[in-house]
Amino acid sequence: PGFSTGEVIEEEKNVDMSKLVPTLKEVVGYCATENDRPVLVGVCLSMGARAGLSVAGADGYRLACQVLRKPSEPDFATLNIRRVVIPAKAVRALVCLWEETGKQKLGTLTLQNNSRFSVQLGAGSLTTTLVRGSFPNYQFLIPKGLSNKVEVLISDLAQAIHQVYAIAKEHRRIVRLSWAESSLQMSAGNSNTAEISTSIHAKVQGGPGRVALDIRYLLNYVKNKKGPCGISVESPSAPILLEFGASPIVVIMPIFVQW
């Protein structure tokens with residue numbers, strides 16, 4: 001909607017920062033670092049009757065997103081704040097502010113004329129100019145109803161990554177994952193130069209699967225996590241869905257390889 005010159009239109013909402021800020025901290029790591037697509041150098045925050053409260057970050061190869069409040073919840077039913085993109089630097093500053101001000105449970109988010117965004121945390125506050133442009137409609141990028149899923153322990157997955165990392169690094173950072181019955185195999189390289197593979201225990205649902213991806217993305221995903229995680233894929237050419245407890249879901253684009 002258009003605003004008349006000089007008119008200040010504000011919308012604000014009290015939010016549980018103990019849930020929002022840790023999610024922002026996780027998601028900001030998935031933002032782009034190059035300015036080729038400025039709208040991706042920021043975190044997308046969606047609030048309102050259609051979105052509830054959700055957060056997303058993407059770099060063109062990876063997407064991390066989390067729904068914190070459902071649209072059906074009464075206090076979001078009449079809220080008009082829509083989708084805004086907060087610069088990644090401002091998100092990191094907000095995380096620091098929240099941690100240094102005693103991790104306030106509640107905070108107030110204010111949107112001014114769809115161009116400025118502020119957060120009030122007790123005696124502390126942060127105000128930033130929003131990123132111009134429209135964030136991709138990421139909901140359509142999230143795979144749904146996937147039939148091939150494997151569950152592994154993060155500790156086992158991390159160990160396998162470190163075992164094959166050196167060879168993968170020499171071969172365009174490609175790592176192959178394939179699973180069947182009760183194991184997941186991770187491999188890198190090729191028979192013409194150097195090749196390595198290792199297997200870990202896995203719970204396989206819906207039959208065998210396979211996919212190849214950039215090992216850096218997998219290594220980044222397992223950091224600071226403990227317990228089981230799920231890896232789902234429809235086919236070797238389809239996006240990969242990673243799930244871990246209540247953490248943001250992560251979607252990674254595959255790499256096309258010869259199997």
Side-chain angles (χ1 to χ4, degrees), residues 22-23 25-31 55-59 61-67 141-259:
T23 302
K25 186 176 182 179
E26 282 195 73
V27 167
V28 73
Y30 290 84
C31 294
V55 177
D59 61 7
Y61 302 97
R62 301 175 301 162
L63 163 71
C65 59
Q66 177 79 304
V67 175
L141 301 176
I142 302 172
K144 297 177 178 63
L146 299 180
S147 57
N148 292 334
K149 181 176 181 179
V150 60
E151 185 179 284
V152 297
L153 289 177
I154 287 283
S155 56
D156 292 343
L157 189 61
Q159 184 177 19
I161 292 168
H162 287 292
Q163 288 173 353
V164 306
Y165 189 86
I167 299 298
K169 188 176 179 181
E170 295 177 356
H171 293 81
R172 297 168 47 212
R173 300 185 297 272
I174 297 174
V175 63
R176 296 174 174 83
L177 307 181
S178 60
W179 56 88
E181 297 181 352
S182 60
S183 69
L184 178 146
Q185 183 181 62
M186 182 181 297
S187 62
N190 59 65
S191 58
N192 295 326
T193 53
E195 190 172 20
I196 187 171
S197 67
T198 186
S199 296
I200 60 176
H201 177 73
K203 295 180 180 179
V204 178
Q205 302 175 24
R210 61 184 183 182
V211 71
L213 67 158
D214 191 317
I215 196 170
R216 295 175 302 174
Y217 300 156
L218 205 54
L219 181 62
N220 179 75
Y221 182 76
V222 300
K223 286 182 180 178
N224 303 317
K225 291 184 175 72
K226 294 181 179 180
C229 77
I231 304 172
S232 305
V233 66
E234 188 63 34
S235 70
S237 59
I240 307 139
L241 181 67
L242 301 175
E243 299 172 283
F244 175 76
S247 294
I249 61 171
V250 171
V251 178
I252 300 177
M253 298 306 295
I255 295 176
F256 300 98
V257 298
Q258 294 292 330
W259 290 91

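Index from 1, following the sequence. Keep in mind that what you see is a predicted model, and the values were worked out from it rather than measured.
To the nearest 0.5 Å, the span separating CD on Q185 from CH2 on W179 amounts to 12.5 Å. Here the straight-line distance linking atom SG of C229 with atom CG of D156 works out to 10.0 Å at 0.5 Å rounding. Here OH of Y165 is found 11.0 Å from CG of L218. Values are rounded to the nearest 0.5 Å. The line from CD1 of I167 to OG of S187 is 11.5 Å long, rounded to the nearest 0.5 Å. From L177, atom CG reaches atom CD1 of I231 across 5.5 Å, with rounding to the nearest 0.5 Å. Going from atom CG of L241 over to atom CG of N148 covers 12.5 Å, rounded to the nearest 0.5 Å.
Smallest separation of non-hydrogen atoms from P248 and Q66: N-NE2, 3.7 Å. When all heavy atoms of S232 and E243 are compared, the closest pair comes out as OG-OE1, 4.2 Å. A58 and L63 get closest at one heavy-atom pair: CB-CD1, 4.0 Å. Across every non-hydrogen atom of V233 and A238, the tightest pair is CG2-O, 3.7 Å. Contact detail for R62 and G29: the closest heavy-atom pair is NH2-O, 3.3 Å. Closest approach of G57 and Y30 over heavy atoms only: O-CB, 3.8 Å.
Here the side chains of S155 and K226 are not in contact, with every heavy-atom distance at 4.5 Å or above. Side-chain contact between Y217 and I240 is absent, with no heavy atoms from C-beta onward closer than 4.5 Å. The shortest distance between side-chain heavy atoms of I252 and L213 falls below 4.5 Å. Contact annotation: the side chain of V250 never approaches that of F244 to less than 4.5 Å [non-hydrogen atoms, C-beta and beyond]. Proximity of S247 to E26: side-chain heavy atoms (C-beta onward) are separated by under 4.5 Å at one or more points. In this structure the side chain of H162 reaches within 4.5 angstrom of the side chain of L219, judged on heavy atoms.
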| field | Worked verdict on M186 versus I161 for side-chain contact (heavy atoms from CB on, under 4.5 Å) | value | CA-CA 8 Å; M186 182 181 297; I161 292 168; 3.8 Å; yes

| Going through the checks in order, is the side-chain contact (heavy atoms from CB on, under 4.5 Å) test met by V251 and L141? | CA-CA 8 Å; V251 178; L141 301 176; 5.5 Å; no

| message | The test is side-chain contact (heavy atoms from CB on, under 4.5 Å); show your working for V27 and C65 and say whether it passes. | response | CA-CA 7 Å; V27 167; C65 59; over 6 Å; no

Validation: residues 198-208 side-chain donor-acceptor distances under 3.5 Å, sequence neighbours left out:
unit_1 : atom_1 : unit_2 : atom_2 : d
T198   : OG1    : Q163   : OE1    : 2.9
H201   : ND1    : S182   : O      : 3.4

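The number of heavy atoms from other shown groups lying within 6.0 Å of NZ (K225) is above 12.
Not counting sequence neighbours, K149 has no partner by the side chain to side chain donor-acceptor pair (under 3.5 Å) test. Every residue two or more places apart in sequence or in another chain that forms a side chain to side chain contact (heavy atoms under 4.5 Å, CB included) with T193 is listed here: H171, N190.
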